[in-house]
Structures are given as C-alpha cells and as structure tokens.
Amino acid sequence: MFGAFRASSVSASGLLWKVPWRLSTTRKAGQRQRLKDVDQVIETVRQSGVQCESLTRALALPKEHEMPARDKYTVFNRRSKGYRKGIHKVPKWTRLTLRENPLGF
C-alpha cells in the first residue's frame, strides 16, 4: 500500500531494533578489551606526569582485572527483578564509563 498506512518494517515485524536477551561471548570479549584499553590510556597519562582532577577520579576506578563479572556485564537497575540489567541494554553502553558501583550491589 501507499500513503500514510503503508507497511513498514516496524509495523510488519514488531520492534525494528531487537536487543538480544544476553551478551554473546564476542560482545563480552569486546567489552573486556574496551576496559583494558581504557586502563592502558589511564596508565599512560599517569606515567606522563600530568596532574588533574579527572585523572584522580580515573585512578580511583577499578581496573578490568579487579572487577567481578557482575560489574563488567551488568548495571544496577531498580526496576529489574534482581536489581541488575545487562550492560548492552544501556543506551550508548560502549561509550559510557559504567565502572562505578555507587550502591555496592
């Protein structure tokens, strides 16, 4: 059909962007690599001798090998059943720093 009521991918098959239920092993490996890359950048800046507030905050964050899997792949969510949700459900999760765990869950 043509016009305002033509069939689109959203109306034909439901959601256009389907998010998988759990992270695949390759996505987990990519997340670990991103965390390691950030750790390497923080360490390089620290060795350069530069002092700033953002570097002090970055040094307070846990490194990738110090983080439990629960903190690497999930984030706190008060609406979820176990109060955690997959990190891949967070918008722009590859660009955000999600290492902080302010509530200690």
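Because the structure is predicted, anything quoted here is derived from the model rather than measured. These numbers come from the heavy atoms of this one structure, side chains and all, not from hydrogens, waters or symmetry mates.
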Smallest separation among heavy atoms of [X] and [Y], with atom names:
X	Y	value
V45	S48	O-OG, 2.6 Å
V50	L55	O-CD2, 3.1 Å
K72	L35	CG-CD1, 4.0 Å

Supply the atom-to-atom distance [X] [atom1] to [Y] [atom2], rounded to the nearest 0.5 angstrom.
X	Y	atom1	atom2	value
R27	T94	CZ	OG1	9.5 Å
R84	R70	CZ	CZ	5.0 Å
E64	Q40	CD	CD	12.5 Å
T97	L61	OG1	CG	7.0 Å
D37	I42	CG	CD1	11.0 Å
Q31	W93	CD	CH2	5.5 Å

> Can you check side-chain contact (heavy atoms from CB on, under 4.5 Å) on K85 and V90, steps first, answer last?
Replying inline: CA-CA 9 Å; K85 74 175 180 179; V90 177; 4.0 Å; yes
>> I'd like to check the side chain to side chain contact (heavy atoms under 4.5 Å, CB included) partners of T25; sequence neighbours left out, ordered by chain and number.
In response: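 None.
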>> Looking at R99 and M67, would you say the former's side chain and the latter's main chain have a donor-acceptor pair under 3.5 Å?
In response: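 Pair absent, no side-chain N/O of R99 close to backbone of M67.
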> Counting N and O atoms only, with roles assigned by atom type, does the side chain of H88 sit under 3.5 Å from a partner on the main chain of P20, one being a donor and the other an acceptor?
Replying inline: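 A pair under 3.5 Å: yes.
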> Who are the salt bridge (Lys or Arg N to Asp or Glu O under 4.0 Å) partners of R46, not counting sequence neighbours?
Replying inline: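 Result, salt bridge (Lys or Arg N to Asp or Glu O under 4.0 Å) vs R46: E43.
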> Got a sec, which hydrophobics cluster with W21, joining ILVMFWY side chains under 4.5 Å apart, including via others?
Replying inline: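 Same cluster as W21: nobody, lone residue.
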>> Heavy-atom count check: over 12 atoms from other residues, nucleotides or ligands less than 6.0 Å from Q47 CD?
In response: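 Buried by this count: over 12 neighbours within 6.0 Å.
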